[in-house]
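Below you'll find the structure, written out as structure tokens, and then a few comments.
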Amino acid sequence: MKREELLQEAFKAMENAYAPYSKYHVGAAILCKDGTVFRGANIENASFGATNCAERSAVFAAYSEGYRKETIEALAIVSDGFRIAAPCGICRQVLSELLEGETPIYLSNGKEEMDTCMNDLLPMQFNGDDVNR
Ligand code: THU
């Protein structure tokens with residue numbers, strides 16, 4: 001699957017966003033090395049802190065089915081915002097553990113695009129090495 005197709009999967013995921021509060025819609029799609037695609041959307045809650053971001057929904061779906069960072073090829077994240085949505089701080093922490101540092105991350109809002117990876121998005125990450133004494 002090509003980069004453009006994975007971005008299209010993320011735009012399809014965005015259609016399922018549940019965002020009655022922010023009205024900001026985000027979709028994500030994870031391509032696994034065996035070709036399986038997992039989608040995720042942002043799912044909000046009236047207790048705002050309980051909201052789940054799209055990229056966490058997608059990566060948790062992949063992990064729930066047994067996929068791990070070694071078996072993940074790429075992640076696409078899209079939004080309907082006026083500029084590209086880079087992952088929030090919580091998602092950066094989560095993704096830095098659940099994706100390999102060099103795994104490509106494609107960002108788009110339908111107008112602009114950018115490719116990045118966790119090594120660029122979260123340098124000096126706090127990880128398992130810090131807590132496994
Ligand atoms: N959101 C995401 O889904 N991903 C991000 O990386 C940024 C923020 C969602 C959370 C909330 O539903 C809405 O966007 C506004 O913050």
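- With hydrophobic clusters built from ILVMFWY side chains whose heavy atoms lie under 4.5 angstrom apart, Ile77 does not share a cluster with Val37.
- Between Ala54 and Ala28, the shortest heavy-atom distance links the atoms O-CB, 3.6 Å.
- Note on Leu6 and Leu99: separate hydrophobic clusters, where clusters join Ile, Leu, Val, Met, Phe, Trp and Tyr whose side-chain heavy atoms are under 4.5 Å apart, directly or indirectly.
- Between Asn45 and Ser47, the side chains place no donor N or O within less than 3.5 Å of an acceptor N or O (distance only, hydrogens not considered).
- Transitive grouping of hydrophobic side chains (ILVMFWY, heavy atoms separated by less than 4.5 Å) brings Leu75 and Val59 into a common cluster.
- Closest of all the heavy-atom pairs between Ala17 and Asn42 is CB-OD1, 3.1 Å.
- Note: Met14 CE to Asp80 CG = 5.0 Å, rounded to the nearest 0.5 Å.
- Judged by distance alone, the side chains of Glu44 and Ser22 do bring a donor and an acceptor atom under 3.5 Å apart.
- Of the possible polar contacts, none joining the Thr36 side chain to the Cys32 backbone as a donor-acceptor pair under 3.5 Å is found.
- Atom CZ of Arg56 is separated from atom CG of Leu95 by 8.5 Å, given to the nearest 0.5 angstrom.
- Using modelled atom types and a 3.5 Å distance limit, the side chains of Asn119 and Glu102 yield a donor-acceptor pair.
- Atom CD of Glu97 has 12 or fewer heavy atoms from other residues, nucleotides or ligands within 6.0 Å.
- Salt bridge annotation for Arg39-Glu15: absent, with no cationic side-chain nitrogen under 4.0 angstrom from a carboxylate oxygen.
- Ring-plane geometry between Tyr21 and Phe48 is classed as tilted, the angle between the planes lying from 30 to 60 degrees on a 0 to 90 degree scale.
- Rounded to the nearest 0.5 angstrom, Leu121 CG and Gln93 CD are separated by 12.5 Å.
- Separation of atoms CE (Met114) and OG (Ser108) is listed at 11.0 Å; rounding is to 0.5 Å.
- Note: Tyr106 OH to Lys2 NZ = 12.0 Å, rounded to the nearest 0.5 Å.
- When hydrophobic clusters are built by joining Ile, Leu, Val, Met, Phe, Trp and Tyr residues whose side-chain heavy atoms come closer than 4.5 Å, directly or via intermediates, Tyr24 is grouped together with Leu107.
- For Asp120 (side chain) and Thr116 (main-chain N/O), no donor-acceptor pair under 3.5 Å exists by modelled atom type.
- Put simply, the side chain of Glu9 does not reach to within 4.5 Å of the side chain of Ile30, judged on heavy atoms.
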Evaluation steps, ring-ring contact (aromatic ring centres under 6.0 Å, His included), between Tyr67 and Phe38: CA-CA 10 Å; Tyr67 290 85; Phe38 291 95; 5.3 Å; yes
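- With rounding to the nearest 0.5 Å, the separation of CD1 in Ile84 from OG in Ser79 is 8.5 Å.
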